[in-house]
Amino acid sequence: MSTPVAAHNLFENSEVFRMACEQLRTVAAELPEFDVGIIDRLMLPKRSLVVSVPVRMDSGKTQVFLGYRVQHSLTSGASKGGLRYAPNVDIGEVAALAMWMSWKCGIMGLPYGGAKGGIACDPAKLSLGEKERLTRRFTEEVLSIIGPRVDVMAPDMGTDEQTMAWIYDTYSMKIGYACPEIVTGKPVELGGCIGRREATGRGVVYCILEALKELNLTPDTCTAVVQGYGNVGSVTCDELHKLGLKVIAIGDRYGSIRNTHGINIPALQKYVLAPENERHTIVGYPKAEAIPDDELLTTPCTVLIPAATERVINKENAGKLQCRVIAEGANGPTTPEADRILAETDVFIIPDVLCNAGGVTVSYFEWVQDLQQFMWDEDQVNSALRKQMHKAYSKVRHKALSRKLTMRTAALSLGVEKVANEKAKRGLFP
Ligand code: NAD
């Protein structure tokens, strides 16, 4: 495999992008049937746009933000992926997340390529009006490369249903008619899919249940530790709690809490959403003790669920983990060095591209419903999600066992193989 020279300038400063490339190189070794040129094409995103986004702040001053939209692959259909608002987001991180989306859509058999977007900002420090102006202006700036058959956005870290509603409205105003299929993860009243908000967390839990079954463990005898209490983390906690699995420690960006008898998740949720809890944080919840952040991931438990951000399980802490299963709700939480350390232990890893794929799967259901203007009910959504997750989980598990691969290499190779196959069959233009 040759190394594309251009990659050095644009993306290679990012550790997250280098990590995604290293994973692809590992997987390419398992797929010798593909031409080197095809793997080289997959190593770089198809299209990347960097935009400056000027916003009139509430103070009356103008602030300029940097925004990104990266489409990794358009081979399998429209590209699909979240939009992230986070202070340190950069083009390399967005490109890595776009690449992972391609493999995820491949594993789930969805007719999409991968994409991702981001704006470098701290959403916690923006007013609602500032967030709306930021989102609308960003949408305008990337208008030339998005479209319901080109690139479809969804929520990710720091963005939510409201963000998608603003994108939907801005795009519809530009083209002159309502176009709900331009985004997924919108409010249900605007053509959103029932169950989309919960889909990623539910998918994580379906995967955990499969892993526990294989390990002969029942949920009511198990414990969980969750990093991140946003969309993915909070729904995962709630679903686990309903199954009788004790969530004993949780962390968010403001701190970490622990109660070894099990945290009462509905009570915690009430505490987090209370209007007087302005940062909507878990910190200060009275029925748990505060613990240092660096103790969270190493707390002894059955299932560890990173559901916040990248590279949190790394060579410094991988050897100290005391869990039986890692269920990756977040994208890219485990570095390749940590993977190598964990491969020497009996920790069972459910990799991100499989574990958190429930979100994009229900996004696909939403897109299909919007295109057809024919909406499903919640039972239909949930049973289709469960079926797709089980199917994908067993495909990955079968590949891992039959080829003696780690779950991550098995999952990635299924995703890469699908996209590479389609590229090979379509040929190279011109
Ligand atoms: P979110 O913004 O709703 O929540 C993020 C949570 O992580 C918050 O509780 C925040 O306080 C916490 N957090 C942020 N940085 C942290 C840190 N350094 N340490 C501890 N906690 C931290 O985001 P989300 O949508 O739940 O996404 C979380 C992860 O899941 C991301 O990696 C995202 O890419 C991935 N993911 C999300 C979806 C989805 O449908 N939302 C789908 C697939 C994957």
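Atoms considered below: every heavy atom in the structure, side chains included; atoms not considered: hydrogens, waters and symmetry mates.
Atom OG in S102 sits 11.5 Å away from atom CG in L412 (nearest 0.5 Å).
Side-chain contact between L428 and R41: present, with at least one pair of heavy atoms (C-beta onward) separated by less than 4.5 Å. Two residues are said to be in side-chain contact when any heavy atoms from C-beta on lie closer than 4.5 Å; Y171 and M153 fail this criterion. L49 is not listed as a side-chain neighbour of Y68, based on a closest heavy-atom distance of 4.5 Å or more. Taking the side chain as every heavy atom from C-beta outward, I182 and C179 approach each other to under 4.5 Å. Side-chain contact between S256 and I250: absent, with no pair of heavy atoms (C-beta onward) separated by less than 4.5 Å. In this structure, the side chains of T62 and M57 stay at 4.5 Å or more apart for every pair of heavy atoms. Using a 4.5 Å cut-off on side-chain heavy atoms (C-beta onward), V325 and L304 make no contact. By the 4.5 Å heavy-atom criterion applied to side chains, C207 and L354 are counted as neighbours.
Across E12 and R18, no two heavy atoms sit closer than the pair O-NH1, 2.6 Å. The heavy-atom pair separating W166 from E132 by the smallest distance is NE1-CD, 3.3 Å. When every heavy atom of K186 is checked against every heavy atom of P180, the shortest pair comes out as NZ-O, 2.9 Å. Between W367 and P148, the shortest heavy-atom contact is NE1-O, 3.1 Å.
By the 6.0 Å and 45° rule, R196 does not stack over the aromatic ring of F365.
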Walk me through it: do E239 and K242 pass the test salt bridge (Lys or Arg N to Asp or Glu O under 4.0 Å)? CA-CA 5 Å; E239 295 287 326; K242 284 184 198 149; 3.6 Å; yes
Please walk me through it: do L74 and D151 pass side-chain contact (heavy atoms from CB on, under 4.5 Å)? CA-CA 9 Å; L74 297 163; D151 184 15; 5.7 Å; no
For T184 and V362, what are the C-alpha separation, side-chain angles and deciding distance, and is it a side-chain contact (heavy atoms from CB on, under 4.5 Å)? CA-CA 9 Å; T184 59; V362 175; over 6 Å; no
Residues E130, R137; criterion salt bridge (Lys or Arg N to Asp or Glu O under 4.0 Å); working and verdict: CA-CA 11 Å; E130 289 167 342; R137 182 62 188 253; over 6 Å; no
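A salt bridge links D58 with R133: at least one charged nitrogen is closer than 4.0 Å to a carboxylate oxygen. A salt bridge links D169 with R136: the closest approach of a Lys/Arg side-chain nitrogen to an acidic carboxylate oxygen falls below 4.0 angstrom. A salt bridge links E422 and K418; the closest N-O separation between the charged side-chain nitrogens and carboxylate oxygens is under 4.0 Å.
Checking side-chain atoms of Q71 against main-chain N and O of I145 turns up a donor-acceptor pair under 3.5 Å.
Around the CD atom of E33, the shell of radius 6.0 Å holds more than 12 heavy atoms that belong to other residues, nucleotides or ligands. Other residues, nucleotides and ligands contribute over 12 non-hydrogen atoms within 6.0 Å of the NZ atom of K399.
None of L134, L126, D122 except one satisfies the side chain to side chain contact (heavy atoms under 4.5 Å, CB included) rule with Y85; the exception is L134.
Residues satisfying the ring pair (Phe, Tyr, Trp, His ring centres under 6.0 Å) test with W100, not counting sequence neighbours, are none.
Using the six-membered ring where Trp is involved, F17 and F11 have ring planes that are tilted, between 30° and 60° apart.
In the model, T159 has no side-chain atom that pairs as donor or acceptor with a side-chain atom of K131 under 3.5 Å.
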In residues 328-338, what donor-acceptor pairs under 3.5 Å come from side-chain atoms, sequence neighbours left out?
from : atom 1 : to   : atom 2 : distance (Å)
E328 : OE1    : D352 : N      : 2.8
E328 : OE1    : R408 : NH1    : 3.0
E328 : OE2    : T334 : OG1    : 2.5
E328 : OE2    : R408 : NH2    : 2.9
N331 : OD1    : K104 : NZ     : 3.0
N331 : OD1    : N356 : ND2    : 3.1
T335 : OG1    : E337 : OE1    : 3.3
T335 : OG1    : A338 : N      : 3.2

